[in-house]
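Reading through the C-alpha cells given below for one structure.
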Amino acid sequence: MNPSKSIKMEEITKRKRLILFPIPLEGHMNPMLKLADLLYSKGFSITIIHTQLNSPNPSLHPHFTFRSIPDGLSESEASPKDIVLLFYLFNTKCVQPFKECLSSLLSEEPEVACLISDAIFHFTQSVAESFKLPRFVFETGSMTGYAVFSHFSLLREKGYLPVTQDSQPGKVVTELPPLRIKDLPVIPKGDPEKFFEICVLIASKIAASDGVIFNTFKDLEEQGMAILQKQYPDLPVFPIGPFHDYEEASSTSNQSCISWLNTRAPKSVIYVSFGTIAAITKAQFLEIAWGLSNSNQPFLWVVRPGLVHGSDWLELLPNRFLENLNGRGHIVKWAPQKEVLSHPSVGGFWTHNGWNSTLESVCAGVPMICFPCFGDQMVLARYVSKVWKIGLQYENEIERGEIEATIRKLMEEKEGEEIRDRSLKLMEKANVCCKPGGSSSQCLDALVKHILSYE
Ligand code: UDX
C-alpha cells in the first residue's frame, strides 16, 4: 500500500463516525468487534449500540463509545436454544429502543457516515432508511452459506424445501451443486416456517442495503461469490477477512490445554469442539468418548457446560475414563481455540463447522472432520469435504467404530495426508490476503472509499 495514500484516507475518515449494531451471540459479537477494530484502524470513530443481553465489556475497547438499549427479553426468551424465536424477538423487541437510540446519536453527532448492522437485525434497514442513513450489513457467516439462504424462495418453489421425511436426502440440488438435500441449512428446533420467513426477510433486507461485508476471503469463496454476484449484480460485496489475520499473534496463554499440548508429538492431536450453541444427546456424547478413546490418538476435547442435553458436564463418562487413558486425553470447558489450532501438536479438528471455527481451521492449515449440527454448518461441511477438500464429512449417526475409523483416516492414512497438504496450501492463501496488496486488504480499502462516497 502507498503510505501517503493511506494517510490521506485517514485524514478524511477521522472526522467520521460509524455506528455498529451486533447481535449479542458470541459467534456474531466477536467478529463485529474485530470489524470495529479494523475500521477504527482506518481512522473512523466507532459507536457500538448493543443490547443489555450479553453486553460487551467497554473496558476492553476503550477507544469505542458504547450505547446500551433495552432488549426486553425475559431470561427464558434470551436462551439460544430456540434460535429462530430468539431472532424473531430481537427483530420485534429491539425496534423502538434502537430507533430512539439512533435518533439521539444522530442529533448529537453530525458526522455519522453509516450504520453497520448484523444481518440478523433485518428491521434496521427500514429504520436506517427513515433516517436517510446508509446501511451496510455485516454477514458473520460465509458467502457460500449466505448464497444458499438467499435462494430459499427458489428452493421452496422447486420443492427442495421444506425438507420432510419424504425428501431424498442424497439428491443433489441441481441449482446449487454439490449440495444435496441433506446439506440444506435446516434447524433442529423451532418452527421451520418461521425459520424460512426470517431467512427470506434477512436476504431481502441485505439486497436492499448499501453493501454487505463478509469475514472471508476471495480465494476461498469463489463459488459463493459467483452465486451471489449472479443473484445480486448491483450489490457491493466486501470480503475483507479473515479478521484475526490482521492482528499480531496473541501472547502465549498459560491455560492447561496449551501446557498439555506442549507434551504431545507434532501433528498427533485431534482437537474436538462444537462451538457455542450446538448440543448433542447423552448417547452421542458416550459414542464420541469411546470413539476418541478407541482411536488411540491423543485428543483435546472441549465439553462446554450445556453441550450435552440434560447433563451438567462430565458425569456421564465411564468411571476412570480419563485416568485409563494415561494422559492421552484432555477435556476442558473452554479452550483458547485459535492458539490451540496453531499449536504444532494439533493435527486435526473435529468441528461442527460454525463459520468462525471453519475459518480459524483454514487459517491454521488444520484438516477437519465435519460434524454439522444445524443451519449454515451443513453447507460448510459439504464445501469443506467436497469443494475445498480439506476435511472428511462425518455422514452417519454417531457411532464409536465409525468415529475411530474416521479419525484414523484423517490422522494416519494416505487420504488424510492429501487433505493435510491441501489444507496447508489453502492456509498460505489465507495468510497473504490481509497483507498490503492482498485481496482482503484491497476490499477493505474499497469499503472505506464506498462508505466515504455517501458524503
Ligand atoms: C454460530 C452458529 O452455530 C454457526 O452456525 C454460525 O456459522 C456462526 O454462529 P458458533 O456455534 O458460535 O456459531 O460457532 P463458531 O462460528 O465456530 O464460533 C465459535 C467461536 O468460539 C470461535 O471463534 C472459536 O474460536 C470460539 N471458541 C469455541 C473458543 O475460543 N473456545 C472454545 O472452547 C470454543
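Just so you know, residue 1 is the first one in the sequence shown, and it goes up from there. Every value quoted in this text rests on a predicted model; they were computed, and no experiment measured them. Counting starts at 1 for both ligands and their atoms, following the listed order.
Of all the heavy atoms of R304, none lies under 4.0 Å from any atom of ligand 1, so neither backbone nor side chain is involved. Both the backbone and the side chain of T276 come within contact range of ligand 1, each with a heavy atom under 4.0 Å.
At a threshold of 4.0 Å, the pair R400-E404 does not count as salt-bridged, since none of the basic side-chain nitrogens sits closer than that to a carboxylate oxygen. In this structure, R180 pairs ionically with E395, as a charged nitrogen and a carboxylate oxygen lie closer than 4.0 Å.
Closest protein heavy atom to atom 17 (O) of ligand 1: S357 OG, 2.5 Å. Protein heavy atom in closest approach to atom 34 (C) of ligand 1: W334 CZ3, 3.4 Å.
Among pairs with a residue in residues 290-303, none fulfils side chain to side chain donor-acceptor pair (under 3.5 Å), at least two apart in sequence or across chains.
Interface of V302 with ligand 1, defined as ligand atoms under 4.0 Å from a residue heavy atom, comprises 33 (O). Using a 4.0 Å cut-off to heavy atoms of F374, the atoms of ligand 1 that qualify are 3 (O). The contact set between ligand 1 and I277, taken as ligand atoms under 4.0 Å from a residue heavy atom, comprises 11 (O). Ligand 1 places these atoms under 4.0 Å from at least one heavy atom of S273: 34 (C). If you number the atoms of ligand 1 from 1 as listed, the ones under 4.0 Å from a heavy atom of D376 come out as 4 (C), 5 (O), 6 (C), 7 (O).
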key: side-chain contact (heavy atoms from CB on, under 4.5 Å) evaluation trace for D376 with V148   = CA-CA 8 Å; D376 59 339; V148 178; over 6 Å; no
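Residue-to-ligand polar distances place Q337 within reach of ligand 1: an N/O pair is separated by less than 3.5 Å.
Not close to ligand 1: K338, with no non-hydrogen atom less than 4.0 angstrom away.
Residue F243 forms a ring-ring contact (aromatic ring centres under 6.0 Å, His included) with just one option from F138, F214, W355, and that option is F138.
For an aromatic pair to be called close, the ring centres must be under 6.0 Å apart, and F121 with F90 satisfies this.
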